[in-house]
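Step one of this worksheet: look at the structure below.
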Amino acid sequence: MVLRNRRVAYYYDEDVGSYNYGYDHCMKPFRIRMAHSIITSYGLDKKMSVIRPPRATVQDMTRFHTDDYITYLQRVSPELAEKMPTYNERFLPPLDCPPFDGVYEFCSISAGGSIAGARRINHGESDVVINWAGGLHHAKKGEASGFCYVNDIVLGILELLRYHQRVVYLDIDVHHGDGVEEAFYTTDRVMSVSFHQFGNFFPGTGDIKDVGVERGKYYAVNVPLREGIDDDTYAFVFQRVMRNVMESFRPGAVFMQCGTDSLSGDRLGCFNLSMKGHAACVEFMKSFGVPLFCVGGGGYTIRNVARTWAYETSVLLGEPVEPSLPYNDYYDFYGPEYLLDVPASNMTNMNTREQLEQICSDIYEHLRHVPH
Ligand code: TV1
Ligand code: CA
Ligand code: ZN
C-alpha cells in the first residue's frame, strides 16, 4: 500500500444519511450515504484513513454562532416549533430551513467532521481531508439560511487559523458562499473565493464588485456567472483566477466547498458541468501541494451527487476507478447505464468569452492590491 494515500483522511458518520429535512425538501442527507456506498464498492476506503468524527459540542459551535441561536437549535423539534412560531421566525427561514427531527445532531456531525479534519491538518497528520457532510456555507452567526444551520466551514477555518497565518476558502457550489464570505469579510487572513450563478438567483449576493472591507478589502473574490457554463469555459476562468489567488496570497491551507449543484442536470442549479469538469477543479487545487480540505455542500440530483463525490474521492487519493459502477447498496439509482460518469448536456452557454475575460481582468486588478 502506498504511504502517501494514508495521508488522506475521510470523515464519515453512518448516521448522517438517516436525517431528513422533510419528504418534499430538495436537500437529502441520504446522498452522503449513497456516495459512501460507491466509495466502498470501489475499495477506496481501504486506501485512506476512514474516521467517524467526534460530534461538535455547543462550545465548538459558539466559537462562531451566538449562544441564543445554538441553545435554540439544541431544543427545537417539529412539535416545539409548532407551539412557538414567533421564537422560530427569529432563527429559521420558513420552508428552506425546517426544524426537522434531529437537526442539532445532524449539525454536530457535519461540523464535527470539519473541526476534527482541520485539527488533523494542523497537526500534520493529513495533507488531504474529506468531509462530504460539511459545506453548509449559508449559515449565519445568529440564524439559519438556505438549508444551512451551523456553518461547519467557518468553524473549520477558525481551527485552521490557529496554526496557519493565511487560509484560502474556495467555493464551487452553484450558490454564492455568503455565510463564509461575511464571517471573514473584514480580515486579510482568509481569502474567500466563490464561483456562482448570479442574477435572479439565491442568495442574490456575490457581485464582482464585492471585494471585502477594512483590512479585508481585496480579500473577497467573487466570480458571478450566467446559466449554462460548460467544462471548458469554467476551467478557463477557474484556472486563471485560482492561479492568481494562490500566487498573490500564498495560503498555508485551502478549504474547498465542492457543492455539486453546479453539475449539469441539477434540480436547482443551471450550470452545465460534467463530473469530469467539476472534478478537474479539485484536481487543479490538489496540484498546488498545499494542505487541502474538501467538503460537500449543495447537490440536488442525488444520483449525480453520489457519483461525483465518489469520483472526487478517487481523484484526491490518486487512485483511478473503472467507468462502470461496481454493485453497491443503491445500485438501482444509477440505471439504465450504471456508469460513474455525469455527462454535460446540449444547453446554451449564456457566458461569452468577452464577459469571462472581463471577469478575469477585473479580479487581476483587485488582486494587484494584495501585498506579495
Ligand atoms: C421545501 C420543499 C423547501 C421544497 C426549497 C430552492 C424547498 C426550495 C423546496 C428552494 C425548493 C431555494 C430561496 C425563497 C429565499 C428562498 C447547501 C424567500 C425547488 C448549500 C439553498 C437555496 C442552496 C435556497 C443551498 C433557496 C446550497 N431554492 N423546493 N429554496 N426566498 N431559497 O430562494 O447552496 O446548495 O426548490
Ligand atoms: Ca459558489
Ligand atoms: Zn448550492
Side-chain angles (χ1 to χ4, degrees), residues 16 19-32 78 81 89 92-100 103 106-107 110-111 114 131-140 143-154 168-182 191-208 210 220-227 229 234 237-238 241-242 245 255-263 265-271 273 278 281-282 285 294-302 304-305 308-309 359 363:
V16 77
Y19 294 93
N20 196 336
Y21 279 61
Y23 75 98
D24 65 339
H25 200 288
C26 25
M27 176 55 105
K28 308 275 185 207
F30 180 68
R31 67 213 168 114
I32 300 160
E89 266 167 41
L92 304 181
L95 303 174
D96 276 355
C97 299
F100 64 87
V103 61
F106 171 73
C107 295
S110 160
S114 294
N131 175 27
W132 297 132
L136 303 178
H137 60 176
H138 299 305
K140 306 288 157 45
E143 62 190 315
S145 170
F147 318 162
C148 307
Y149 303 78
V150 168
N151 204 313
D152 64 286
I153 303 168
V154 171
V168 158
Y169 171 61
L170 164 60
D171 184 316
I172 62 168
D173 188 289
V174 76
H175 297 97
H176 178 229
D178 59 348
V180 184
E181 178 185 270
E182 184 179 298
M191 185 173 279
S192 154
V193 187
S194 176
F195 295 77
H196 45 267
Q197 186 174 326
F198 188 72
N200 198 12
F201 194 67
F202 185 86
T205 47
D207 193 291
I208 194 161
D210 298 334
V221 177
N222 283 299
V223 187
L225 300 165
R226 303 294 171 208
E227 296 183 6
I229 193 158
Y234 198 92
V237 246
F238 184 84
V241 169
M242 290 319 295
V245 163
F255 202 110
M256 180 170 186
Q257 197 267 23
C258 303
T260 43
D261 45 8
S262 42
L263 290 170
D266 186 76
R267 261 180 84 185
L268 296 191
C270 302
F271 283 179
L273 297 183
H278 194 274
C281 300
V282 173
M285 294 317 296
C294 288
V295 292
Y300 305 100
T301 301
I302 62 175
N304 294 340
V305 177
T308 303
W309 286 344
I359 287 172
I363 291 171

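Note that ligands are numbered from 1 as they come in the structure, with each ligand's atoms numbered from 1 the same way.
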Exercise for review: May I ask you to check if any N/O/S atom from His137 comes under 2.8 Å of the Zn ion (ligand 3)?
Suggested key: no
Exercise for review: Show which atoms of ligand 1 fall inside a sub-4.0 Å distance from at least one heavy-atom site of His137.
Suggested key: 20 (C), 27 (C), 34 (O)
Check your understanding: If you count the atoms of ligand 1 from 1 in the order shown, which ones are under 4.0 Å from a heavy atom of Met27?
Key -> 17 (C)
**Study point:** Closest approach of any protein heavy atom to atom 5 (C) of ligand 1, naming residue and atom
**Key:** Asp96 OD1, 3.3 Å
Review point. To which protein heavy atom is atom 1 (C) of ligand 1 closest, and what is the distance rounded to 0.1 Å?
Key: His25 CD2, 3.5 Å
Check your understanding: Do protein heavy atoms approach atom 33 (O) of ligand 1 to less than 4.0 Å?
Key -> yes
Review point. Can you tell me the N, O or S atom of His175 that's nearest the Ca ion (ligand 2)?
Key: O
Point to revise | Partner of Val174 under side chain to side chain contact (heavy atoms under 4.5 Å, CB included), chosen from Thr260, Leu263, Leu273, Asp261 | key: Asp261
Practice item. Please identify which atoms of ligand 1 are closer than 4.0 Å to at least one heavy atom of Tyr300. Key: 17 (C), 20 (C), 23 (C), 25 (C), 27 (C), 35 (O)
Point to revise | Of all N/O/S atoms in Asp261, the name of the one nearest the Zn ion (ligand 3) | key: OD2
Review point. Tell me, which N, O or S atom in Asp171 is closest to the Ca ion (ligand 2)?
Key: OD1
Practice item. For the Zn ion (ligand 3), find the closest N/O/S atom belonging to His175 and write down its atom name. Key: ND1
Check your understanding: Are a donor atom and an acceptor atom from the side chains of Asp171 and His196 found within less than 3.5 Å of each other?
Key -> no
**Study point:** Per-atom contacts, ligand 1 versus Gly298 - under 4.0 Å to a heavy atom
**Key:** 17 (C), 20 (C), 35 (O)
Review point. Under 3.5 Å, N or O to N or O, is Gln257 touching ligand 1 that way?
Key: no
Exercise for review: Could you tell me if the ring centre of Tyr149 sits under 6.0 Å from that of Phe106?
Suggested key: no
Review point. If you measure every N/O of His175 against every N/O of ligand 1, is any gap under 3.5 Å?
Key: yes
Exercise for review: Return the minimal non-hydrogen interatomic distance between Asp96 and Phe202, and the atom names on each side.
Suggested key: OD2-CE1, 4.4 Å
Exercise for review: Identify the protein heavy atom lying closest to atom 4 (C) of ligand 1, giving its residue, its atom name and the separation to 0.1 Å.
Suggested key: Asp24 O, 3.3 Å
Review point. When you measure from the Zn ion (ligand 3) to each N, O or S atom of Asp173, which atom gives the shortest distance?
Key: OD1
Check your understanding: Where the Ca ion (ligand 2) is the corner point, what angle links O of Asp173 with OG of Ser194, to 10°?
Key -> 160°
Point to revise | Protein residue, atom and distance nearest to atom 8 (C) of ligand 1, heavy-atom basis | key: Cys26 SG, 3.8 Å
**Study point:** Distance-minimising heavy-atom pair for Asn222 and Asp210
**Key:** ND2-O, 3.0 Å
Point to revise | atom 36 (O) of ligand 1: the protein heavy-atom neighbour that sits closest, reported with distance to 0.1 Å | key: Leu268 CD2, 3.5 Å
Review point. What is the closest protein heavy atom to atom 22 (C) of ligand 1, and at what distance does it sit?
Key: Phe202 CD2, 3.5 Å
Exercise for review: Flag Phe195 as yes if one of its N/O/S atoms falls below 3.0 Å of the Ca ion (ligand 2), otherwise no.
Suggested key: yes
Check your understanding: So does Asn200 have more than 12 non-hydrogen atoms from other groups sitting under 6.0 Å from CG?
Key -> no
**Study point:** Gap between atom CE of Met285 and atom SG of Cys294 - 0.5 Å precision
**Key:** 9.0 Å
Check your understanding: Is there a donor in the side chain of Asp173 and an acceptor in the side chain of His175, or the other way round, less than 3.5 Å apart?
Key -> yes
Check your understanding: Taking all non-hydrogen atoms of both residues, which atom of Gly204 and which atom of Phe198 are closest, and how far apart?
Key -> O-CE1, 3.6 Å
**Study point:** Heavy-atom pair of closest approach, residues Ser194 and Gly177
**Key:** OG-N, 3.3 Å
Check your understanding: Against heavy atoms of Leu95, which atoms of ligand 1 measure under 4.0 Å?
Key -> 1 (C), 3 (C)
Review point. Can you list the ligand 1 atoms lying under 4.0 Å from a non-hydrogen atom of Asp261?
Key: 35 (O)
Review point. Under 4.0 Å from atom 18 (C) of ligand 1, is there any protein heavy atom?
Key: no
Point to revise | Smallest separation among heavy atoms of Leu170 and Phe195, with atom names | key: CD1-CE1, 3.7 Å
Review point. Short question: side chain of Arg31, backbone of Gly299 - any donor-acceptor pair under 3.5 Å?
Key: yes
Review point. Any side-chain heavy atom of Ile172 sitting closer than 4.5 Å to one from Tyr234?
Key: yes
Study note, to complete from the structure: Tightest non-hydrogen contact, residues Ala220 and Glu181, listed as CB-OE1, 4.1 Å
